[in-house]
Each structure stands twice: as C-alpha cells, then as structure tokens.
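What you are looking at is a predicted structure, and each value in this text was computed from that prediction instead of being measured. Each chain gets a letter, A, B and so on, in the order its sequence line appears, and its residues count up from 1.
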Amino acid sequence: MENRDIARILSETADLMEVAGEDPFRIRSYRNAVQAIDSLNENIADILGNPERKLTEIPAIGKSIAAHIEELCREGKLKRHQELCAKYPPITLELLRLQGLGPKGVEVLLTHFRVQSLDDLERLCKEGKLRELPRMGEKLEQKLLKSIEAYRRITGRYLISVADELATETQQYLLRGPGVQKVTPAGSLRRGKDTIGDIDLLVTGGEPQKVVEYFLRFPKISEVIAKGENKVSVKLREGIQVDLRMLEPENFGAALQYFTGSKEHSVALRTRAKRMGLQLNEYGLFRVSANARVAGRTEKEVYGALGLAYIEPELRENCGEIDAAAEHRLPRLVRLVDIRGDLHMHSTATDGRCSIAEMAHAAKERGLEYIAITDHTKALAMANGLNEKRVLAQIKEIRKIESQMEGLRIFAGMEVDIHQDGTLDLDDDVLSQLDVVVGSVHSYMTISPEEMTDRLLRAFENPCLHIVAHPTGRLLLRREPFGFDLERVLEAAKRRHIAMEINAFPDRLDLCDQHARLCKEKGVKIVISTDSHHTTHLQNMKYGVLTARRAWLEKKDVLNTLPAAEFKKALQRSPAQVR
DNA sequence: GCCGTTTTCGGCCCGACTGTTTTCAGTCG
C-alpha cells in the first residue's frame, strides 16, 4: 500500500469520525497524521520493511496510528475505517465536501432524511424540506443548491499535480514493458492545464497486443473501460481515466499533435492544412492531390510543413498562437531553469512544517539563488500569525541564518494580510524593515466585487507592498475565485509598480493563465512562487512555470528570473510610484 | 490520538460570520 492510499483512508476515517461526533482532538490527530504522510519523502512500506526504523519516528504518528498503518499495509484495509463506512452511506464523504455543510449538518441530513445521493439533497432543497429541521432554513437551501452545482462542475477533474504523479507512475511501469521504447503524456497534462480530466499516454515500440496485455496487469487499474487493438482505456484506483494508445514511429508526431490538442487548436490547424491543399489527421499530414504523405514523424515536421514555427504545447489553445507561429513572433517561453528565487514560503513560526533553516537548505539544494521567508501576520490567528514584535525577532533570526549559509540569499519577508478596509496587518515602520512584502486576502472574501476592488487599490497605496499573493483566492475544485475589477487593479499595479504572483501551489495556480497573460499585456510584472509549507512543496514551482508559459510569459516578464541583487532592485518603488 | 513533560495527564488555534435564533450552534478560514 502506498502513502497516498494510507493517507486517503485515514482522512476518510477522520471525516466519518467527525460525522459520528467523536472527540475533536482525536480527529485532529488523524488529520495531523494525514498531513505528515502527505509530506513524507519516503515510502511507508520501506520504513515498515526496515527493522531499524519505526513509524512512530514520524512526528504526528504515535502508537495507535502506527498500528492502523501496519494493519492497512498487512490487510489492505482498516477495521476502524470499515466499521464507519458500514455505519454511513457512501454519499457521506461527498456531502462533507459541500460548502455550507459540516459534519453536524451531514449527520442530521442522513438520520432525518436518509439522504443517499446529491439528487436526494437537491430535491429536498428545492422542495423546501430542510427548513423543517432545527437551525436550517431557506438561505441554507439556496446555498446548498449552489454548492451542489459547483460540486458537479468540478467532479471528474483532478489537480495537475495528482494527474502528473499518476501519469509518471504509469509511464514508469509501461517503460518496463515488453519492447516499449517511449511513453509520452499528451492531452491537457502536456499542455499544463491547471486541472486534468483524463491522462493520455502514447506508446511506441513493442507489439501492441503484448503491451496491452502487460499494461492490464498494472496493479493500480481498478476497471477496464475499453480494450481494442491499439487503444485501451482504464480507470485507476484514484478514479482517474487513463487512455493508452499504441503508435507506429512514423505517425508519432502527427499523433502526438492530435492527442495533445487542444481541440480548438487542432481544428484551426486542420482548417489551415485544408486551405493549403493538405489533410491533417492523427496518422500524418497528406497532400490530397498526390495522395502522398508530407509529414508525421515529429511534431516539428508537421508544423513546419504547415508553414509554422514549432508551437509549444502550453500555447495550443487557439488563442493567437497559430498566427504568431506563421509570422515567427512566438514568445520564447520562460523555463523552470530560468527561475532563480522563490519569494513565498512559510516556516514553523506560523503554519509551515519546517524550520527556516530547513527551508533554506532545501531551496539551495534545488539550485535556487535566493528565497524569501514570508510567514503569516497576526490577523491570521488560525495560523498563529506574527505580530510586530515577533516579526522583528524573525528578521533577526533570518539575518543570522543567512550569515551562516553560503550561496543562498534569504530575504526577510512577510505574507501580510490585507484587511477588509485595504490596510495592511502590520505597522508601516515594521513593514519598511522587510525586504519582501507579499500582501494577501484571507478574510472577508465574499464582499462585493466593487468593495474588493477598492480594498486592493487601497492596499496598493501602502508604499511597503511589493507583491500580491494568490490574487483571486481561488482553490481549484473547491472554491471559486472572488470577483474584482481585474483590469482596474492591474492598471493600478502597473502605475504603482506592484507585482502579481502566480502561486504555484497546485490547489491555487493563482493568477491563472488568462489573468497572467493580461498582466503581460498591461505591463505588470509577475513573480512565480511556491507558497511552500514544507520542503517537499518547493518542487511545485514547475506547475507555476507551466501556468506562466500558458500565459505566454517570457523570462523578462518574470521578476524572479533576475539575479538576487537585481531582483531586490526591481522590487523598489520610486516616490512617484508610491504617491 | 499525539505530545511534552511542570514525565503518564492535560492541552491541543480561535475569532468571526451566518442564519437561525432570541442567546448561539455550526461553519469557515
């Protein structure tokens, strides 16, 4: 059993314990253990297999949970979990995901109405039945109807990080298959979209039949959806669908183009081909009159034969890239290796799980030249946010750690809350002592778009602010972005010389690709940061870079591609920009 | 259920909003 499966079952157990009204502190222990497992760098199976190691070495895992994990790895299931699953219907876990419903509400709905599905709940809300229950009323019914709609919209999609990991695992398994030479992910995963519907994998080499046979023995497969000569579709245990296609090398380029999409991009390409007397399909590019094959082995060949420069997958959304490729004015997209700094991360001082020194060493190991430690400020009480006094102490600590390290610049920063009225959560004289001030909205996210616009504009008036973190507050598959007048805010950001963040945390990816592209058009600089709460999160930078590439961003558009000293200089705001 | 210790029990994050109440439970971040 893998870490992910163990974490999932423990997390479900915690959810169900909550519905059952068990001790909240016990439940929190389960959740802490889940977090610990999620951010673990090694396989639990390896620890169990090593007689010199103990699970209880892992912080947040004690005797009981260690026993649970051992039971899971031995039996493949957990008695405690199964008992709870028997007690509550399968819909319980989904109901808990709905905004506006917590464990108490779910428990009441289950016992009073015997809700078995989202449809059941939807009907009850529409018929106004919920208001029969204590502490439930019309507003809640309306809220839940909205939540159900939002939930339906997002189910069946996965965060790019989840799809990426599963695709990599599947790919590695396939590469060990008979005669397999190459396994290439295509589809929205290759285009770097923020959420992924299914995983497309293209395989070359080996006899298709034997490869299919081998693939169907992949232990993670839970269901075979379709099986043909050259194509297999399966569902993995995590629920995501994987489509496997076996290709001839001579078709590879055309097929890769076809299966990478997007659909809109491919349609535009085929239209262009047709106008040139050519036909493009997944098997190649053909001259219709001569019935002859023109290209197909590589994508470059296909694009070239269509009179186009090679178009990077991230740009293939039919948003101007084909014209740009024809006129040889495609951007030189920013790359992961261009990134020199990471300007948003947390430490144990607030809700991070590693010390400043641990974060710094991990960043240096990843080849970064500079970082900023940006813990939360006091308004975020749930994260133990820092007040002025603690901020000053942390600045001193950071200077000390930096002086003991070679080859890494550590900026003293803060992720300072932007209050409802647009003021910042720290005194200006403390803010002015920080190297990097990242401003964030974490509260009052449901105010009107007009109020949110005013709030951000007001925050920009603070001369200490440098960067706006996760500007729309969205949580992918969970929470919609809050609304504000983006154009107005970006114009102000340009005038005030304030940068916007692409938050690389896979749940956020905020700004999104389209918004980041608007920044470029408006001349607003971008900073790509990981918002790491653990050293393992530093690797999420690649998802932020993918989003930046989808936004057509080049190295010069992204401030943290600059060397440390130049970056610091680039943050500075002139008196005119502050006024 | 975990952790730290003032070392085997007691503390564990908590303020604010929302909607439903008529003094506050549930949810959220």
*For nucleotides B:dC17 and B:dT23, find the distance between their C1' atoms and express it as a whole number of Å.*
16 Å
*Roughly, in whole Å, what's the span from CG in A:Leu109 to C1' in B:dT27?*
14 Å
*Aromatic plane relationship, A:His376 with A:His346 - under 30° parallel, 30 to 60° tilted, over 60° perpendicular*: parallel
*Between B:dC13, B:dC2, B:dG29, spot the one nearest the side chain of A:Ser29, thanks.*
B:dC2
*Figure out the CG/P separation between A:Leu96 and B:dT27, and round it to whole Å.*
9 Å
*Report which part of the nucleic acid A:Pro24 touches: base, sugar-phosphate, or nothing (heavy-atom distance under 4.0 Å, all strands).*
nothing
_Any strand: nucleotide that pairs with B:dT8 via Watson-Crick or wobble, under 3.5 Å_ = none
*For B:dG26 versus B:dT20, give the span between their C1' atoms, rounded off to a whole number of Å.*
11 Å
*Grab the CD-P distance between A:Glu22 and B:dC2 for me, whole Å please.*
14 Å
*Which of the following nucleotides, B:dG1, B:dT27, B:dC12, is nearest to the side chain of A:Arg26?*
B:dG1
*Taking atom C1' in both B:dT8 and B:dG1, what distance in whole Å separates the two?*
15 Å
_Taking the P atom in each of B:dA16 and B:dT22, what is the distance between them to the nearest angstrom?_
24 Å
*Between A:Gly102 and A:Gly137, who's closer to the 5' end of DNA chain B by nearest nucleotide?*
A:Gly137
_Please pick, from B:dC2, B:dT18, B:dA25, the nucleotide with the shortest atom-to-atom distance to any side-chain atom of A:Arg135._
B:dA25
*Rounding to the closest angstrom, what is the interatomic distance between B:dG11 and B:dT5 at atom P?*
15 Å
*Given the P atoms of B:dT27 and B:dT21, what is the spacing between them in whole Å?*
14 Å
*asked:* Does the plane of the ring in A:His533 sit parallel, tilted or perpendicular to the ring in A:Phe505? Use 30° and 60° as the thresholds.
replied: perpendicular
*What nucleic acid atoms does A:Lys63 come within less than 4.0 Å of, heavy atoms only: base, sugar-phosphate, or nothing?*
sugar-phosphate
*asked:* Under 4.0 Å, heavy atoms only, any strand: does A:Leu140 hit a base, just the sugar-phosphate, or nothing?
replied: sugar-phosphate
*Answer with base, sugar-phosphate or nothing: what part of the nucleic acid does A:Leu101 contact at a heavy-atom distance below 4.0 Å?*
sugar-phosphate
*Does A:Arg479 put a side-chain nitrogen or oxygen below 4.0 Å from OP1 or OP2 of B:dG29?*
yes
_Taking the P atom in each of B:dG15 and B:dG10, what is the distance between them to the nearest angstrom?_
24 Å
*Quick one: CG on A:Asp531 to CD on A:Glu415, what's the gap to the nearest 0.5 Å?*
5.5 Å
*Take the protein atom CE of A:Met382 and the nucleotide atom C1' of B:dC28, then report the distance between them rounded to whole Å.*
9 Å
*To the nearest angstrom, how far is A:Glu18 atom CD from B:dC28 atom P?*
10 Å
*Mind running salt bridge (charged side-chain N to carboxylate O under 4.0 Å, His left out) on A:Asp164 and A:Lys542 for me, showing each step along the way?*
CA-CA 11 Å; A:Asp164 187 24; A:Lys542 61 185 171 190; 3.7 Å; yes
*If you measure from the C1' atom in B:dG29 to the same atom in B:dC13, how many Å do you get, rounded?*
11 Å
*Starting at the 5' end of DNA chain B, which residue's closest nucleotide do you reach first, A:Arg131 or A:Pro103?*
A:Arg131
_Spacing between A:Tyr444 atom OH and B:dG29 atom C1', to the nearest angstrom_ = 12 Å
*Give A:Ala381 one of three labels, base, sugar-phosphate or nothing, depending on what nucleic acid heavy atoms sit under 4.0 Å from its own.*
base
*In terms of side-chain heavy atoms of A:Met445, which of B:dT20, B:dG26, B:dG29 is nearest?*
B:dG29
*What integer distance in Å separates A:His376:NE2 from B:dC14:P?*
17 Å
*asked:* Could you tell me how far apart A:Leu144 (CG) and B:dT18 (P) are, to the nearest whole angstrom?
replied: 16 Å
*asked:* Let's see if you can work this out: which of B:dG1, B:dG29, B:dG26 has an atom nearest to the side-chain heavy atoms of A:Phe25?
replied: B:dG1
*When we call it a touch if two heavy atoms are under 4.0 Å apart, what does A:Asp23 touch: a base, just sugar-phosphate, or nothing?*
base
*Does one side chain, of A:Asn503 or A:Asp510, offer a donor that lies under 3.5 Å from an acceptor on the other?*
no
*Do any N or O atoms from the side chain of A:Arg131 and from the backbone of A:Met136 form a donor-acceptor pair under 3.5 angstrom?*
no
*Between B:dG1, B:dC13, B:dT27, which one does the side chain of A:Arg28 approach most closely?*
B:dC13
_A:Ser64 side chain near B:dC2 phosphate (N/O to OP1/OP2, under 4.0 Å)_ = yes
_A:Arg455 side-chain N/O to A:His419 backbone N/O, donor-acceptor pair under 3.5 Å_ = yes
